[in-house]
Colleague: 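One structure is given below, represented as structure tokens, and several questions about it will come after.
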Amino acid sequence: MGHRQIIPLVFAAAVHSHIHQLPHHLMPSPDLGHRLQLSVRCKGDDGLDLEHGAGHSRDLADPAALHQILQRIHRKEGIGVGDELRSPALRQFFPVHAVFDVLSQLQHRHALTQSAADRVKHLHGIALLRTFSRQDPGQIIGPGQAAGQHDGDHAVISQIKDLPELRALQIGRATAAELTSLDGHRPRILIGKDTRVSGDMLECTLAAGLCSVGADVDLLGVIPTPGVAYLVRKYGADAGIVISASHNPMEFNGIKIFKGDGYKLPDEVENRIEAHIFKNCEDIKICDGAEIGRVHRLDTAVDDYVDALEQHIDADLSGLNVLFDCANGASAKVAQKLFPRLGCQCSFTGTLDDGVSVNDGCGSTHLDRLEKKVVEGGFDCGIAFDGDADRCLACDEKGAEIDGDKIIALVAKDMKDRGRLDGNTAVVTVMSNLGFMKYMQSIGIDTARTAVGDRYVLEEMRARGYAIGGEQSGHVIFLHHSTTGDGELTAGKLLKLLARKHREEGTKMSELNAVYTKFPQVLINLTADKEQKQAYKEDEYIAGFIESQQQNLMGMGRVLVRVSGTEPKIRVMVEGEDMEAIQSSAERIADMIRQRIPGVC
């Protein structure tokens with residue numbers, strides 16, 4: 001039994017043992033006891049063991065035993081905000097308020113600590129969760145983390161079955177309550193979404209939650225995430241909410257909140273919203289009568305956003321023949337209006353709006369399909385967006401990929417040539433290719449490196465006044481025009497450069513793509529829980545070994561070993577000119593970590 005099964009079952013047993021404490025009207029299904037007959041036994045420091053039926057079981061009605069088990073789970077399994085520790089089957093039997101009732105009585109009667117109770121809430125999948133890596137603080141999501149799923153380095157996204165309508169209702173209420181509490185006025189909230197079928201359900205429920213606390217709601221319909229960030233400023237709204245799971249499959253969905261200036265919510269506001277959710281929003285006054293908010297639909301949202309993009313890009317793309325892959329997502333409506341208006345010959349793929357095809361074998365996460373079509377169709381280049389169009393990748397006429405590093409290098413040099421590169425600096429992450437770094441140095445552009453995640457890129461840009469930054473994944477931020485990554489703005493800037501070079505010099509996209517040679521990279525992902533990650537951080541022998549491997553590369557490469565903030569991973573990346581040397585170095589480092597830290601694999 002894997003640890004992703006163990007944790008919810010422990011909680012099931014814990015709640016079952018206290019079922020007698022529930023009022024009659026909160027009692028779960030009568031066959032719950034039959035379905036969840038479990039016993040728990042402690043095996044010392046090596047963890048917990050579960051078995052069905054009778055056995056050497058601990059009495060979970062004993063609060064000390066329960067507390068001990070919770071502490072052991074936390075220590076052994078490394079429970080953290082965002083972990084995938086949930087039991088959908090259990091939620092069929094226990095209504096949300098029943099579980100909260102049990103927890104509150106446990107805390108009151110048996111001195112169960114708040115932290116332990118909160119961890120139980122996470123096990124059951126009730127708590128409102130944020131990305132525990134804090135890489136994208138505006139992203140507020142449903143319970144649990146989908147295994148291996150994360151929004152680039154933005155944020156984890158939840159499966160829709162784990163983001164029920166009740167959660168969306170609570171998020172709406174908590175958000176409206178916080179915005180109202182700032183100055184007591186009646187807030188106005190925008191809601192946008194991508195094309196996922198679950199978006200309609202969550203949109204309605206969010207709107208209901210917002211209105212129940214007195215907020216007015218404007219529904220924008222299907223629109224890219226950066227479109228909401230722009231329109232919240234243009235319309236003078238108090239906040240904008242996006243319902244999207246970015247590049248993830250259609251069965252996932254998430255919720256992201258922008259404040260009135262188009263930036264993500266600050267930590268302190270997120271914390272207060274989260275606190276309301278932990279209390280089941282029982283501390284929020286529900287409006288009635290004329291105080292209830294109203295819902296309006298804005299049919300001009302896409303056109304207003306397209307007008308803004310056209311102005312920001314300010315380009316004549318005539319002479320270009322471009323294939324756009326819209327990932328069957330939010331970019332389709334915008335791209336089909338914007339790029340023909342800019343003058344290029346356009347063809348589009350990935351434009352379905354059927355609710356189930358978003359990111360399905362298309363878009364920026366499946367670039368191979370676009371690359372093949374570009375070559376077969378004789379296009380000058382291809383452009384690919386993801387589901388919510390906050391990222392953009394490209395390929396040249398030969399079908400070769402152009403990643404975020406290449407886009408930043410090309411556009412930053414053009415900005416420098418035109419005197420528009422504020423601070424003579426581009427902001428990237430530690431994952432940017434060494435070839436990129438050497439090229440930027442050769443043309444006299446400084447680079448600032450941040451931790452992985454566009455949150456950190458944006459923080460550095462705002463703190464230092466830099467104009468461009470982003471990641472290899474295609475999240476590129478143009479701070480002169482936008483408060484977040486914008487795929488269609490990025491595409492427009494890249495195509496503008498190509499169109500001008502093509503007219504002046506006959507330049508092809510493959511020539512721009514050859515701006516520098518990428519150094520080979522080897523990436524090994526090691527599976528490690530919270531304790532193992534901590535052991536890695538504290539092991540000086542491993543640190544010394546990694547340093548020796550860096551020295552062995554003799555300035556011709558680099559080593560980067562980092563703990564993932566969103567997944568149970570230690571990532572070993574070695575980069576350099578000699579593929580054989582870096583492969584050997586990466587494997588030696590990975591083997592050393594496995595030897596020094598038992599259980600890492």
Side-chain angles (χ1 to χ4, degrees), residues 223-224 226-227 230 302-352 362-364 367 369-386 389-404 406-411 413-415 418 474 476 478 481-482 485-515:
I223 192 166
Y230 165 75
V302 169
D303 288 336
D304 287 342
Y305 178 48
V306 170
D307 290 344
L309 286 173
E310 182 182 18
Q311 180 180 357
H312 293 327
I313 296 169
D314 187 25
D316 175 11
L317 303 184
S318 59
L320 296 183
N321 182 16
V322 184
L323 176 61
F324 296 88
D325 186 342
C326 298
N328 297 321
S331 65
K333 290 182 179 179
V334 173
Q336 290 179 93
K337 291 187 175 185
L338 172 65
F339 292 103
R341 193 185 297 184
L342 294 174
C344 66
Q345 182 178 341
C346 303
S347 298
F348 296 92
T349 184
T351 59
L352 292 176
C362 57
S364 61
L367 206 58
R369 191 182 81 157
L370 177 67
E371 293 167 348
K372 181 179 179 182
K373 287 186 175 183
V374 165
V375 174
E376 292 175 346
F379 295 95
D380 294 320
C381 64
I383 299 290
F385 307 108
D386 65 337
D390 66 349
R391 69 170 73 180
C392 162
L393 294 178
C395 68
D396 62 29
E397 78 281 2
K398 298 178 180 179
E401 178 182 350
I402 304 173
D403 66 9
K406 285 279 184 79
I407 294 172
I408 292 169
L410 289 166
V411 178
K413 182 181 184 302
D414 183 60
M415 293 172 70
R418 295 182 294 110
V476 182
F478 295 92
H481 308 298
S482 182
D486 190 321
E488 283 160 309
L489 177 62
T490 301
K493 293 289 188 180
L494 178 62
L495 293 174
K496 179 180 181 178
L497 174 61
L498 175 62
R500 189 176 74 247
K501 293 282 189 180
H502 183 70
R503 282 193 296 269
E504 295 173 355
E505 307 167 16
T507 303
K508 295 183 177 182
M509 185 66 97
S510 58
E511 296 174 78
L512 294 183
N513 197 13
V515 62

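From a predicted model like this one, the values you see are computed outputs, not experimental measurements.
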Colleague: For R341, what residues pass the salt bridge (charged side-chain N to carboxylate O under 4.0 Å, His left out) criterion, not counting sequence neighbours?
Modeller: D307, E310

Colleague: Quick check for you: to the nearest 0.5 Å, what is the distance between E488 atom CD and L338 atom CG?
Modeller: 6.5 Å

Colleague: How would you list all residue pairs meeting ring-ring contact (aromatic ring centres under 6.0 Å, His included) that involve residues 306-332, not counting sequence neighbours?
Modeller: H312-H481, F324-F339, F324-F348

Colleague: Check this for me: does any side-chain nitrogen of one of R500 and D414 sit under 4.0 Å from a carboxylate oxygen of the other?
Modeller: yes

Colleague: Excluding sequence neighbours, so at least two apart, what forms salt bridge (charged side-chain N to carboxylate O under 4.0 Å, His left out) with D303?
Modeller: K337

Colleague: Please give me the minimum heavy-atom distance between V322 and F379, naming the atom from each residue.
Modeller: C-CD2, 3.9 Å

Colleague: State the CD-CG distance between E371 and L393, to the nearest 0.5 angstrom.
Modeller: 9.5 Å

Colleague: Got a second to check how far I383's CD1 is from L495's CG, nearest 0.5 Å?
Modeller: 4.5 Å

Colleague: According to salt bridge (charged side-chain N to carboxylate O under 4.0 Å, His left out), who are the partners of K413, at least two apart in sequence or on a separate chain?
Modeller: D417

Colleague: Residues in side-chain hydrogen bond (donor to acceptor under 3.5 Å, both in side chains) with K398, at least two apart?
Modeller: none

Colleague: Other residues, nucleotides and ligands only: do more than 12 of their heavy atoms fall within 6.0 Å of CD on Q311?
Modeller: no

Colleague: So, using side-chain hydrogen bond (donor to acceptor under 3.5 Å, both in side chains) as the criterion, who are the partners of N328 when residues are at least two apart?
Modeller: none

